[in-house]
Student: 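Below: one structure in structure tokens.
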Amino acid sequence: MTLRKSEKNSAERAASLLKFGKIVILPTDTVYGFSGISRCDEKDFFTESLIASIKGRAEEKPLIELLAFPEDVYNYTDERLPDEIFSKWPGPLTAIIKNNSRYKSITGRETTAFRCPGDEWLRKVIELCGAPIYSTSVNRSGKPVLTKITQIRSEFEGEVDLIVEDGDKDFAKPSTIVSFVDGVLKTIRA
């Protein structure tokens, strides 16, 4: 199933599927991304492993989690993030941060890569979900990122529950990735 981002209630329709553990391809402020939500209303979904399976990606390689608002990051970490990160959010910057004990017990991981995207529509989807959503580029593992909506539909329409179209993203680039763990800020991918 596909729908255009510009259609009425497209954010609500995408969020409603995500909240039921469905996999959705969403346009972001960078590239198109596979998206899912890990849990909702006490239900655990295994969308991270479903996305990994669709991509052919190792499950132990964690996905980025998208936030609706920059300050939401403080629900998941006790680290005080530097102004350099907040000056780029919302926007195409992913920050790997140390999880607080609660989020570590949920994820089983020491760190999580978070991003607050610059696209207002996408932030609305995330807000409607009430939790971060996973995101990773639309491609098979080891293959180039797909930027044309016709390629995305052809390759993945039968494997996801919804594709939200917002035109081709020929000149889009993935986000910059930085790490901020134990007070040290370093660039991982420019």
Side-chain angles (χ1 to χ4, degrees), residues 5 9-51 61-137 162 164 166 174-189:
K5 177 181 167 182
N9 298 324
S10 62
E12 290 80 1
R13 290 169 64 190
S16 69
L17 286 172
L18 289 165
K19 287 170 65 173
F20 280 99
K22 305 299 183 185
I23 305 299
V24 179
I25 292 176
L26 298 175
T28 76
D29 53 337
T30 57
V31 297
Y32 279 93
F34 288 111
S35 296
I37 189 172
S38 62
R39 62 198 59 77
C40 183
D41 299 327
E42 308 280 325
K43 295 178 197 149
D44 285 329
F45 303 121
F46 299 95
T47 58
E48 189 171 22
S49 60
L50 290 172
I51 292 168
K61 188 175 178 185
L63 303 177
I64 291 171
E65 296 189 32
L66 301 180
L67 303 169
F69 304 100
E71 61 274 11
D72 289 351
V73 74
Y74 289 121
N75 293 322
Y76 311 103
T77 187
D78 294 328
E79 300 270 316
R80 294 318 280 164
L81 300 186
D83 291 340
E84 293 95 326
I85 291 174
F86 282 107
S87 71
K88 305 288 187 212
W89 278 356
L93 176 74
T94 299
I96 300 168
I97 59 167
K98 189 173 181 179
N99 293 328
N100 60 25
S101 58
R102 184 190 66 78
Y103 206 57
K104 180 181 175 185
S105 70
I106 291 169
T107 65
R109 296 188 184 113
E110 292 288 331
T111 62
T112 297
F114 287 105
R115 185 163 85 83
C116 183
D119 184 275
E120 189 174 324
W121 176 90
L122 181 56
R123 289 195 315 274
K124 181 177 180 182
V125 171
I126 301 162
E127 182 179 14
L128 290 167
C129 286
I133 61 173
Y134 293 124
S135 186
T136 184
S137 61
L162 174 67
V164 179
D166 190 34
S175 65
T176 294
I177 300 175
V178 298
S179 171
F180 183 73
V181 177
D182 296 327
V184 178
L185 181 64
K186 65 180 178 179
T187 301
I188 306 296
R189 178 180 74 194

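Computed from a prediction, not measured in an experiment: that's the story for all the values here.
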Student: Show the atom names and distances, to 0.1 Å, of all donor-acceptor pairs under 3.5 Å that link a side chain in residues 175-184 to residues at least two apart or in another chain.
Tutor:
{"from": "Ser175", "atom 1": "OG", "to": "Thr94", "atom 2": "OG1", "distance (Å)": "2.7"}
{"from": "Asp182", "atom 1": "OD1", "to": "Lys98", "atom 2": "NZ", "distance (Å)": "3.3"}

Student: Charged N to carboxylate O below 4.0 Å: is that the case for Lys88 and Asp83?
Tutor: no

Student: Any chance you could lay out the side chain to side chain contact (heavy atoms under 4.5 Å, CB included) test for Ile133 and Leu26, step after step, and finish with the verdict?
Tutor: CA-CA 11 Å; Ile133 61 173; Leu26 298 175; 3.8 Å; yes

Student: Let's go through Asp119 and Thr28 carefully: what are the C-alpha distance in whole Å and the side-chain angles of both, what is the deciding distance for side chain to side chain contact (heavy atoms under 4.5 Å, CB included) to 0.1 Å, and is it a yes or a no?
Tutor: CA-CA 6 Å; Asp119 184 275; Thr28 76; 5.9 Å; no

Student: Between Leu81 and Ile97, is a side chain to side chain contact (heavy atoms under 4.5 Å, CB included) present by the stated rule, with each step listed?
Tutor: CA-CA 9 Å; Leu81 300 186; Ile97 59 167; 3.6 Å; yes

Student: Would you please indicate if the ring centroids of Tyr134 and Phe34 are separated by under 6.0 Å?
Tutor: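 Between Tyr134 and Phe34, the centre distance exceeds or equals 6.0 Å.
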
Student: Looking at Asp29 and Arg115, does any basic side-chain N land under 4.0 Å from a carboxylate oxygen?
Tutor: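 Yes.
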
Student: Closest heavy-atom contact between Ala15 and Leu128?
Tutor: CB-CB, 3.6 Å

Student: List the atom pairs, with distances to 0.1 Å, where a side-chain N or O of residues 64-73 and a protein N or O form a donor-acceptor pair under 3.5 Å, not counting sequence neighbours.
Tutor:
{"from": "Glu65", "atom 1": "OE1", "to": "Tyr103", "atom 2": "OH", "distance (Å)": "2.5"}
{"from": "Glu65", "atom 1": "OE2", "to": "Tyr103", "atom 2": "OH", "distance (Å)": "3.2"}
{"from": "Asp72", "atom 1": "OD2", "to": "Phe69", "atom 2": "N", "distance (Å)": "3.3"}

Student: Check whether any side-chain heavy atom of Val164 lies under 4.5 Å from a side-chain heavy atom of Leu162, and answer yes or no.
Tutor: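 Result yes, sub-4.5 Å side-chain heavy-atom pair found.
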
Student: Please report the shortest heavy-atom distance between Ile126 and Pro117, naming the atom on each side.
Tutor: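 That would be CD1-CG, 4.0 Å.
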
Student: Just wondering, do Glu84 and Leu185 contact through their side chains at under 4.5 Å, heavy atoms?
Tutor: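 They are in contact (side-chain heavy atoms under 4.5 Å apart), so the answer is yes.
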
Student: State whether the side chain of Thr107 and the backbone N or O of Arg109 hold a donor-acceptor pair below 3.5 Å, judged by distance alone.
Tutor: yes

Student: Could you report the tightest heavy-atom contact between Glu48 and Pro62, atom names first, then the distance?
Tutor: OE2-CA, 3.6 Å

Student: Measuring only between side-chain heavy atoms, which start at C-beta, is Lys104 closer than 4.5 Å to Ile106?
Tutor: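 Heavy-atom side-chain distance check fails, nothing below 4.5 Å.
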
